[in-house]
Protein chains: 2
Amino acid sequence: MSLDQLSQEEQSTVLRVRKRVIEAIGRNMDLYGVTLSTGHLYGLLFFADKPMTLDEMGREMSMSKTSMSTSMRTLLDLNMVNKVWEKGSRKDLYEVEYDWYQTFTDYFAIEWRKAVETNIQIIRRSIEEISRMMREIPEDTAIRGVLEVDKRKMEGAVRYYSWLNRLIDCLENGDIYQLVPKE
Amino acid sequence: MSLDQLSQEEQSTVLRVRKRVIEAIGRNMDLYGVTLSTGHLYGLLFFADKPMTLDEMGREMSMSKTSMSTSMRTLLDLNMVNKVWEKGSRKDLYEVEYDWYQTFTDYFAIEWRKAVETNIQIIRRSIEEISRMMREIPEDTAIRGVLEVDKRKMEGAVRYYSWLNRLIDCLENGDIYQLVPKE
DNA sequence: TGGTATGTACAGAAAAAACTGTACAAAGTA
DNA sequence: TACTTTGTACAGTTTTTTCTGTACATACCA
């Protein structure tokens with residue numbers, strides 16, 4: 001059901017309400033590391049009654065096509081919007097992922113998982129290196145103590161990262177809903 | 001145990017290993033919305049053997065004191081570092097919060113909670129407004145359909161936010177460790 | 001109380017990021 | 001095949017953010 005079937009006054013009423021919500025959603029999308037204007041684009045798409053093309057968005061947003069294109073790329077990479085295929089149309093169509101639980105999960109599965117994996121690898125390698133050094137150093141020397149402390153700190157970090165990994169697993173496989181049901 | 005008890009060579013070895021880890025930690029701190037250089041400062045503090053003052057950090061970091069001051073403020077606000085009081089010293093002392101589980105929880109309790117609360121309030125108010133409008137509009141009109149759809153979308157959002165709120169509760173009260181034990 | 005050390009506010013400079021317009025590549029259509 | 005249409009790469013511009021240095025407020029000390 002499209003907006004242009006409505007009277008001028010009705011349209012502006014609906015748009016005013018939407019705008020406030022779009023603003024609110026967009027403003028907090030920096031938690032996902034996306035730009036305010038990308039957030040607005042997302043909000044626009046959230047209220048769209050059907051998948052939209054870049055041109056349609058441009059009509060409502062006063063943004064360059066290039067900007068919109070890169071914004072959509074960002075949102076696609078985060079699985080926050082989906083590309084929809086419609087035969088007969090050459091244009092790309094976008095629609096928001098309305099399953100926000102999934103969106104939340106994907107964000108962690110994508111961004112946080114990536115960070116965790118890199119860090120865990122770097123730290124493990126560093127622990128290895130330190131252990132190797134320690135084997136070649138006599139006991140009760142100053143450097144041994146320093147290495148010991150550093151190593152312990154890094155081991156703590158690895159333990160935390162492994163927990164975070166398991167937490168993300170629980171998001172992905174849905175176990176989290178046992179503890180925190182959708183309602 | 002301080003580094004300057006060690007030989008030049010030993011020091012450089014330790015510093016090389018640390019630097020790689022600091023780099024890794026700092027690079028991914030953008031997930032918490034903090035700057036790369038703030039991340040480096042955090043990393044420096046992570047390996048420090050005792051709470052540090054701004055001047056001590058300045059000696060190792062080549063950053064202006066102002067920058068460091070604001071960085072520390074940011075990290076304090078996120079509960080990622082703590083201010084330590086040591087009598088006899090006029091200087092502020094900072095040390096990292098080594099409980100990273102707590103750090104993770106606090107981040108959500110602070111940043112995400114804030115976003116959720118604002119959005120939930122704005123959306124609830126908008127739902128109210130729409131409901132009020134609908135009561136004054138005859139059935140089976142075009143605008144009613146539009147309002148209906150918008151309302152349903154917003155109700156979905158509220159449901160998600162309430163879930164997120166409960167998830168953050170579970171982080172704060174520790175219930176999360178039933179599902180994902182620290183090990 | 002005056003003197004000194006310490007952290008931060010503020011304004012301006014530097015750096016980074018976001019945005020735009022053009023030019024082009026890719027893919028569909030006749 | 002030539003002709004469109006559509007999305008994106010890229011370089012340059014604008015905007016935003018981060019960083020710095022100075023000036024100042026605060027708190028401690030003698």
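Model, not experiment: these values are computed from the prediction. Every chain is numbered from 1, with letters handed out A, B, ... down the list of sequences.
Scanning both residues, Leu31(A) and Ala115(B), for their nearest heavy atoms gives CD1-CB, 3.6 Å. Among all heavy-atom pairs drawn from Glu97(A) and Asn82(A), the shortest one is OE1-ND2, 3.2 Å. Taking every heavy atom of both residues into account, Tyr98(A) and Ala48(A) meet most closely at OH-O, 3.7 Å.
Looking at residues 60-78 of chain A, you'll see Met63(A), Ser64(A), Thr66(A), Ser67(A) sit with a heavy atom under 4.0 Å from some atom of DNA chain C. Sorted by residue number, the members of residues 30-39 of chain A with any non-hydrogen atom under 4.0 Å from DNA chain C read Thr35(A), Ser37(A).
With sequence neighbours left out, Thr53(B) forms a side chain to side chain contact (heavy atoms under 4.5 Å, CB included) with Asp55(B), Glu56(B), Lys91(B), Leu93(B). By the salt bridge (charged side-chain N to carboxylate O under 4.0 Å, His left out) test, Arg16(B) is found to be paired with Glu129(A), residues two or more places apart in sequence or in another chain being considered. Residues passing the side chain to side chain contact (heavy atoms under 4.5 Å, CB included) test with Ile110(B), sequence neighbours excluded: Asn79(B), Asp106(B). Qualifying side-chain hydrogen bond (donor to acceptor under 3.5 Å, both in side chains) partners for Lys114(A), counting only residues two or more places apart in sequence or in other chains: none. Scored by the side chain to side chain contact (heavy atoms under 4.5 Å, CB included) test, Val158(B) finds Ile120(B), Ile123(B), Arg124(B), Ile127(B) as partners (sequence neighbours excluded). Applying the salt bridge (charged side-chain N to carboxylate O under 4.0 Å, His left out) rule to Lys153(A) yields no partners; only residues at least two apart in sequence or on another chain are considered. Listed by chain and residue number, nothing satisfies the side-chain hydrogen bond (donor to acceptor under 3.5 Å, both in side chains) test with Arg125(B) (two or more places apart in sequence, or in another chain).
Met72(B) and Val84(B) fall into different hydrophobic clusters, defined by Ile, Leu, Val, Met, Phe, Trp and Tyr side-chain heavy atoms under 4.5 Å apart, directly or through other members.
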Identify all pairs in which a protein N or O lies below 3.5 Å from an N or O of nucleotides 26-30 of chain D, and state each distance.
{"unit_1": "dC28(D)", "atom_1": "O2", "unit_2": "Arg90(B)", "atom_2": "NH1", "d": "3.3"}

Let me check something: any side-chain donor-acceptor pairs from residues 175-183 of chain A under 3.5 Å, sequence neighbours excluded? List them with distances.
none

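On the nucleic acid side, DNA chain C contacts chain B at distances under 4.0 Å to non-hydrogen atoms, with the end points of that region at dT4(C) to dC10(C).
Between the C1' atom of dT8(D) and the NZ atom of Lys83(A) lies a distance of 11 Å, rounded to the nearest Å.
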